[in-house]
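Structure first, commentary second.
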Amino acid sequence: MGKCLVVGIVLLLLGVPAPAAQTAAPNAAVPVDAIAAIVEALRTHQIVTLTDPHGNVQVQEFLLSLVRDPRFPDAANDIVIETASARYQDAIDRFVRGEDVEPAVLRHAWEDHTVPNSLGAQAEELLRAVRVVNASVAEPRRLRVIAGDPPIDWENVVTPRDHFRWIELRDSHPADLIRRLVLDRGRRALVVYGQGHLQRRQVATNYDMSPWQAQTVVSLLERDHAATVFNIWTLNRTVDLPEKTESWRVPGLVRLRGTTLGAADFALYDRGPGDGSRVGVKAGKLAPIPREEWKVLQMEEQFDGLLYLGPPAAMGTTSVPMTLCRDAEFVERRLDRLTRFGPPIEVQNFRKACGL
């Protein structure tokens, strides 16, 4: 019998508590080449996530660089995007295969979705990039773009209730699509969605995942389909991190587990929608949760990697293309939908961008 074991037994008999286990101190984060890291993650996971640009110039540039990298088609089969309507999946498939698609039909794919802060210009740019990539590779390596947004029928959306029945599908619908079109077919996908849809546990509900409203694309994939997901957070807003990032490589990717960045509270990175208030479900209704009851969740429990594209303060945002501002039919349709169903700030932003 080993000496350490004997000492442990004696201490136990004497009622002396065992010493507390030593927890290793977190390490400093070490960024590596982001594209190489994502390609490698795609080889070892069924799903790798990335934030949708939502107008962010640097995020869009990185996404296009990733898709155009010659290693990408060997690691991924599909790209699932938030800002395209599933109603037009056939048109998207034909376009990225290199077929001729009537522009008036194709534009519906990136304009007739439910995302109020996306005009579709960046989704169009991504589809065109994939079309070019597919023209340069053999059939088995060609990429498919899957439109993740529910197939809303705008012609029959009249009331707020009509609209909400589609909005409440914005996580469950893409999760089901990914199950059927990616996981069940043994494929691998890059999932490009807003970061609120990628949380493993919902900060807005104080990390309580029992309400159906709390579910996200990633939580549903991991809960219902046991998918292997490498979840990436993009540092696209200025936050007071426990480490300095100014000297980091760009683009760089950090694996969060075991690092000081991973040990930090997720709320440091994102407090949640609006003013950051948290709600719970009581008697079937949403009720505010007092600040003193807010829970803490380490960042590494939410996301596996952190993507760094340079100082967030230096990031740019795309404006509405003037070709769209001069398109009277588009402007009328856009304003009508935003006024009836969108946040007022998006109405203001659109009017300002087009000088209306």
Might you point out which heavy atoms bring [X] and [Y] nearest each other, and give the distance in Å?
| X | Y | value |
| --- | --- | --- |
| L220 | A175 | CB-CB, 3.8 Å |
| R141 | P73 | O-CB, 3.4 Å |
| P31 | A29 | CD-O, 3.7 Å |
| A204 | P273 | CB-CD, 3.9 Å |
| L106 | A91 | CD1-O, 3.9 Å |
| P251 | L309 | CB-CD2, 3.6 Å |

message: As a quick check of understanding, evaluate side chain to side chain contact (heavy atoms under 4.5 Å, CB included) for R87 and D153, giving each step before the final call.
response: CA-CA 8 Å; R87 181 171 290 272; D153 179 8; 3.2 Å; yes

So do [Y] and [X] actually touch side chain to side chain, heavy atoms under 4.5 Å?
| X | Y | answer |
| --- | --- | --- |
| L50 | V191 | no |
| R249 | Y308 | no |
| Q89 | I146 | yes |
| L64 | E125 | yes |
| V320 | R334 | no |
| R128 | F95 | yes |
| D176 | R179 | yes |
| V331 | L335 | yes |

task: Keeping to residues at least two apart or across chains, list the ring pair (Phe, Tyr, Trp, His ring centres under 6.0 Å) pairs with something in residues 328-353.
output: H163-F341

Other hydrophobic cluster members with [X], side-chain heavy atoms of Ile/Leu/Val/Met/Phe/Trp/Tyr under 4.5 Å, chained?
| X | result |
| --- | --- |
| V137 | none |
| V281 | V279, L286 |
| V115 | none |

Test item: [X] side-chain N/O and [Y] main-chain N/O as donor-acceptor pair under 3.5 Å:
| X | Y | answer |
| --- | --- | --- |
| D270 | G272 | yes |
| D162 | V158 | yes |
| R131 | V96 | no |
| D336 | E332 | no |
| E82 | G194 | yes |
| D265 | V296 | no |
| Q58 | G316 | yes |
| D304 | N231 | yes |
| N134 | L143 | yes |
| H45 | A41 | yes |

Take atom [atom1] of [X] as the centre, draw a 6.0 Å sphere, and report whether it contains more than 12 heavy atoms from other residues, nucleotides or ligands.
| X | atom1 | value |
| --- | --- | --- |
| E293 | CD | yes |
| D184 | CG | yes |
| E99 | CD | yes |
| R255 | CZ | no |

query: What do the steps show when you test W294 against Y207 for ring pair (Phe, Tyr, Trp, His ring centres under 6.0 Å), and what is the final call?
result: CA-CA 9 Å; W294 289 9; Y207 307 121; 9.7 Å; no

- prompt: Taking only residues two or more places apart in sequence or in another chain, which ones pass salt bridge (Lys or Arg N to Asp or Glu O under 4.0 Å) with R257?
  reply: E300, E301

Applying the 4.5 Å side-chain criterion to the ILVMFWY set and letting contacts propagate, would [X] and [Y] be lumped into a single cluster?
| X | Y | result |
| --- | --- | --- |
| I178 | V48 | no |
| I92 | L177 | no |
| L198 | W212 | no |
| L126 | W110 | yes |
| V59 | I79 | yes |

task: Evaluate salt bridge (Lys or Arg N to Asp or Glu O under 4.0 Å) for R107 paired with D112, printing each intermediate quantity in order.
output: CA-CA 8 Å; R107 68 182 290 183; D112 288 356; over 6 Å; no

Just verifying a value: how many Å separate [X] [atom1] and [Y] [atom2], rounded to the nearest 0.5 Å?
| X | Y | atom1 | atom2 | value |
| --- | --- | --- | --- | --- |
| S219 | Q199 | OG | CD | 9.5 Å |
| E102 | H108 | CD | NE2 | 10.0 Å |
| T51 | I232 | OG1 | CD1 | 10.5 Å |
| D149 | Y88 | CG | OH | 12.0 Å |
| R188 | D74 | CZ | CG | 12.5 Å |
| L297 | R201 | CG | CZ | 7.0 Å |

- request: Would you check, one step at a time, whether the test side chain to side chain contact (heavy atoms under 4.5 Å, CB included) holds for R71 with I35?
  value: CA-CA 9 Å; R71 296 166 291 184; I35 290 181; 3.5 Å; yes

field: Of all pairs that satisfy disulfide bond (SG atoms under 2.5 Å apart), the ones with a partner from residues 271-336, not counting sequence neighbours
entry: C325-C354

message: Tell me whether the rings of F266 and W233 are parallel (<30°), tilted (30 to 60°) or perpendicular (>60°).
response: perpendicular

query: With a 3.5 Å cut-off and no angle check, do the side chains of T114 and R170 form a donor-acceptor pair?
result: yes

- request: Would you please say whether a donor-acceptor pair under 3.5 Å links the side chains of T234 and N236?
  value: no

statement: The side-chain hydrogen bond (donor to acceptor under 3.5 Å, both in side chains) partner of D78 among R185, R144, R187 is R187

task: Please test L261 against E243 for side chain to side chain contact (heavy atoms under 4.5 Å, CB included), starting from the C-alpha separation and ending with a verdict.
output: CA-CA 7 Å; L261 296 180; E243 289 188 34; 4.0 Å; yes

- request: Report the C-alpha distance between R142 and R97 in whole Å, list the side-chain angles of each, state the deciding distance to 0.1 Å, and finish with yes or no for side chain to side chain contact (heavy atoms under 4.5 Å, CB included).
  value: CA-CA 8 Å; R142 288 179 182 166; R97 284 198 301 261; 6.0 Å; no

